[in-house]
Number of protein chains: 2
Amino acid sequence: MAGRVQSSTDADAVSRIIEEWHRQRPDLDPSPIEVLGRLHRSFLLYQSRTSKSVAAVGLSLAGFDVLAALRRSGEPYRLTAGELAATSLISSAGVTLRLDRLEGDGLIVRERDVKDRRVVHCRLTPAGLELIDTLFAEYLENERSMLAGLKPKERVQLAALLQKLERSLGSTADSTAGVVTLVGW
Amino acid sequence: MAGRVQSSTDADAVSRIIEEWHRQRPDLDPSPIEVLGRLHRSFLLYQSRTSKSVAAVGLSLAGFDVLAALRRSGEPYRLTAGELAATSLISSAGVTLRLDRLEGDGLIVRERDVKDRRVVHCRLTPAGLELIDTLFAEYLENERSMLAGLKPKERVQLAALLQKLERSLGSTADSTAGVVTLVGW
DNA sequence: AAGTAGTTTCTCACCCGTAAGGAATTGCCA
DNA sequence: TGGCAATTCCTTACGGGTGAGAAACTACTT
């Protein structure tokens, strides 16, 4: 079964990339790619597999994300648009889009706050609750299978290191507003 | 400077998510999120920071990706559309789009193969070569700063574990064509 | 030599995301 | 009270991605 272009499923695409850079630009140290290149590729693979898994029931990953956030917030399964933006690390425009689609599918409803009429609450409908409740179990099962290649101990180590990485990526030297915006405030 | 919504930059958003799920669905084991949720969030932060870094010179991450692939392939800085799709883990439609834009900006040129007129070679123009050569050094420097929070030993460990993860995500039980397509063949 | 199968890229319709700015609403403070 | 700043969400214009399938071309088989 044979790899014509062997640059993908093979042992390690990132190793090859680093070797190539080393050959082409020996003046540079490409070692950061060792971590962040692999992060990038792992994420793309993860995203693709996860998308397919939730798409099976006609939902997008974006929609799943919102439904999951509402579900795990507990009764009455209700969050504001702003809260959803913050937890999902996306812009407010992105949230509006996600909610439009979910509302159109009858999985959530928007409710204007009576005290502060600027805020919009999003609440899971019974259909939305039922969908996310069945879907989330499958989702976890799928994720578990994606981690099958790692031993339990390795999973724990990886989790701890990714936690450190997220911290390193988030709190950073450059004190401008860039990161703040990014984080969804 | 205060965290109004503390669910983002704080100690650990993923830990909170897992706690919430544990409270809401004690029948499920949410531990895969410990790894993949952090992968997801780390990637979003990484992507956002990297985008801003290359956007400073009017380039997108997608364009940067193509230019970098061509540059590190060595002279004559030329790859086919298919090869680019494979190395970048995107669909052929995605490659077409990326090339359209880069060609419009004069950073690459498309050349039909004379022997096999189906294949399209993409070659860096002098402008493209110059751009990626100055940009890549900055890019690496930026990546280095993103990893500042990890000790050298931790970086090595993380790289090794991500390598295993990529392998686990790629080569999988389900033998359908899904993964193959994903990988860009 | 012709028909058919396979490949490589592109087109189309669509989903998802951002930045920038608008509109409604609230809260502060003179 | 009245005006102004801040907040909260939405709109617009755009970049970037996918899957399905068309189009162009090559290669195989008979």
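Labels below follow one simple rule: chain letters A, B, ... track the order of the sequence lines, proteins then strands, and each chain is numbered from 1.
- As rounded to whole Å, 18 Å separates atom P of C/dA24 from atom CG of A/D113.
- Looking at A/R49 and A/E143, no side-chain N of the basic residue comes within less than 4.0 Å of a carboxylate O on the acidic one, giving no salt bridge.
- For C/dT25, one of the phosphate oxygens OP1 or OP2 lies less than 4.0 angstrom from a side-chain nitrogen or oxygen of A/R117.
- Between A/F136 and A/Y139, the ring planes lie parallel to each other; the angle is under 30°, not in the 30° to 60° tilted range.
- The environment of B/E111 atom CD is dense: over 12 non-hydrogen atoms of other residues, nucleotides or ligands sit within 6.0 angstrom.
- With no hydrogens or angles considered, a side-chain donor-acceptor pair links B/K52 and B/S48 at under 3.5 Å.
- Rounded to whole Å, atom P of C/dT8 lies 19 Å from atom CD of B/E111.
- Residue contacts shown for A/T96 include a base, since a base heavy atom lies under 4.0 Å away.
- Rounded to whole angstrom, the span from the NZ atom of A/K115 across to the C1' atom of D/dT8 amounts to 17 Å.
- Side-chain N/O atoms of A/R110 include one lying less than 4.0 angstrom from OP1 or OP2 on D/dC10.
- Mapping A/G94 and A/V114 onto DNA chain C via the closest heavy atom, the residue that lands nearer the 5' end is A/G94.
- For B/R16 and B/E20, the salt-bridge test fails: no basic side-chain N is under 4.0 Å from an acidic carboxylate O.
- Looking at heavy-atom distances under 4.0 Å, A/A81 makes contact with sugar-phosphate atoms alone, never a base.
- Atom pair A/L84:CG and D/dC10:P shows a separation of 11 Å (rounding to whole Å applied).
- Spacing between atom CG of B/D100 and atom P of D/dC14 amounts to 17 Å, rounded to whole angstrom units.
- Here the nucleotide nearest the side chain of A/A93, chosen from C/dT26, C/dT18, C/dT9, is C/dT18.
- For the pair A/L97 CG and C/dT18 P, the interatomic distance rounds to 10 Å; values are reported in whole Å.
- Note on B/S60: only backbone sugar-phosphate atoms sit closer than 4.0 angstrom, heavy atoms only; bases stay farther off.
- Rounding to whole angstrom units, CD of residue B/Q47 and C1' of D/dG15 are separated by 12 Å.
- Here B/A62 lies in heavy-atom contact (under 4.0 Å) with sugar-phosphate atoms only.
- Using a 4.0 Å heavy-atom criterion, one finds that A/T80 contacts the sugar-phosphate atoms exclusively.
- Contact annotation: side chain of A/R118 to base of D/dT7, donor-acceptor pair present below 3.5 Å.
- Phosphate proximity of D/dG19 to A/K52: present, with a side-chain N or O under 4.0 Å from OP1 or OP2.
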Under 3.5 Å, which donor-acceptor pairs do the side chains of residues 101-109 of chain B form with other protein atoms, sequence neighbours left out?
from, atom 1, to, atom 2, distance (Å)
B/E103, OE1, B/R110, NE, 3.1
B/E103, OE1, B/R110, NH2, 3.4
B/E103, OE2, B/R110, N, 3.3

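- Toward the 5′ end of DNA chain D lies the nearest nucleotide of B/R101, the other residue of the pair B/S92 and B/R101 mapping further downstream.
- To the nearest angstrom, C1' of D/dT11 lies 15 Å from CG of A/L99.
- Here D/dG17 is the nucleotide among D/dC25, D/dG17, C/dA19 with the atom lying nearest to any side-chain atom of B/R98.
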